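These figures come from a predicted structure and were not determined experimentally.
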Amino acid sequence: MAAPETPLLNRIRQRHSEVNEPAATGMSLNAIARRLQLDRKMVGRYRNKDLAGLLASAQDRGHGVLDPFMEYVQHRFRAGCTSSMRLYREVLALGYTGGYHVVHRYVVTIRKGISVPARSVTPRPRDITS
């Protein structure tokens with residue numbers, strides 16, 4: 001399955017090619033970093049990691065404080081509540097402590113169909129065995 005087109009993933013694809021083309025000609029890491037005005041460690045990361053790995057790590061990024069509420073937001077969105085502000089107020093009442101813009105950005109990804117499915121809660125071993 002191809003990764004969706006997002007600004008972050010497009011930037012990763014572009015930087016990967018910008019770093020690896022001169023690296024293939026033998027240009028040093030420091031020279032590439034100076035030329036692209038990037039940190040040497042970042043250039044090394046793009047040079048040493050394959051594109052699929054970089055894209056996968058970018059897609060695995062979570063939403064942090066919103067993670068426990070993602071399933072609820074997705075359920076309410078599918079039920080017809082598509083207002084970011086309304087969903088924000090609902091998750092606030094459930095104990096969400098983050099800002100509105102995090103919820104809004106997540107709702108936008110749901111609208112575009114590129115949201116990451118909510119992670120199921122993994123029970124602790126003690127809960128399973130008791």
Side-chain angles (χ1 to χ4, degrees):
M1 183 171 109
E5 295 297 319
T6 65
L8 173 64
L9 298 180
N10 289 337
R11 185 173 64 238
I12 290 171
R13 287 183 190 102
Q14 179 183 357
R15 282 215 177 127
H16 187 265
S17 67
E18 288 174 349
V19 166
N20 284 299
E21 288 171 8
T25 64
M27 188 180 281
S28 73
L29 197 70
N30 287 332
I32 296 170
R34 278 192 305 270
R35 180 176 170 198
L36 298 176
Q37 296 179 351
L38 295 173
D39 184 65
R40 183 180 183 280
K41 292 177 186 175
M42 180 181 284
V43 171
R45 178 174 177 237
Y46 278 93
R47 188 187 68 181
N48 297 331
K49 212 169 188 187
D50 65 331
L51 182 59
L54 289 168
L55 294 173
S57 67
Q59 288 177 312
D60 287 342
R61 292 178 10 170
H63 294 82
V65 73
L66 185 60
D67 281 345
F69 305 97
M70 288 170 65
E71 187 174 347
Y72 176 81
V73 171
Q74 288 179 359
H75 171 72
R76 290 288 292 135
F77 189 87
R78 286 191 303 267
C81 180
T82 59
S83 167
S84 299
M85 183 55 74
R86 182 174 181 143
L87 290 168
Y88 169 67
R89 289 182 181 139
E90 289 179 14
V91 293
L92 269 181
L94 296 173
Y96 173 70
T97 57
Y100 164 73
H101 291 288
V102 175
V103 175
H104 176 69
R105 282 193 303 263
Y106 185 63
V107 170
V108 168
T109 64
I110 295 173
R111 284 186 189 130
K112 290 180 179 178
I114 58 172
S115 67
V116 177
R119 296 182 182 145
S120 61
V121 177
T122 306
R124 298 178 305 173
R126 176 175 282 174
D127 294 337
I128 295 170
T129 58
S130 61

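Residue pairs meeting the side chain to side chain donor-acceptor pair (under 3.5 Å) criterion with at least one member in residues 82-94, sequence neighbours excluded, are Tyr72-Glu90, Arg76-Glu90, Ser84-His104, Arg86-Glu90. Pairs engaging residues 42-56 under the salt bridge (charged side-chain N to carboxylate O under 4.0 Å, His left out) rule: none recorded [sequence neighbours left out].
With contacts defined as side-chain heavy-atom distances shorter than 4.5 Å, the pair Leu51/Ile12 qualifies. The shortest distance between side-chain heavy atoms of Tyr106 and Leu87 does not fall below 4.5 Å.
Every residue two or more places apart in sequence or in another chain was checked for a ring pair (Phe, Tyr, Trp, His ring centres under 6.0 Å) with Tyr46, and none qualifies. For Glu18, the side chain to side chain donor-acceptor pair (under 3.5 Å) partners two or more places apart in sequence, or in a different chain, are Gln14. Qualifying side chain to side chain donor-acceptor pair (under 3.5 Å) partners for Asn20, counting only residues two or more places apart in sequence or in other chains: His16.
A single hydrophobic cluster is not seen to contain both Leu9 and Val108; linkage of ILVMFWY side chains at heavy-atom distances under 4.5 Å, directly or through other members, places them apart.
To the nearest 0.5 Å, the span separating CZ on Arg15 from CG on Asn10 amounts to 12.5 Å. Between Phe69 atom CZ and Leu92 atom CG the span is 9.0 Å, to the nearest 0.5 Å.
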Please output the side-chain donor-acceptor pairs of residues 30-38 that fall under 3.5 Å, not counting sequence neighbours, one pair per line with the distance.
from	atom 1	to	atom 2	distance (Å)
Asn30	OD1	Arg40	NE	2.7

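Minimum interatomic distance between Pro22 and Ser17 (heavy atoms only, all atoms of both residues): CD-O, 4.3 Å.
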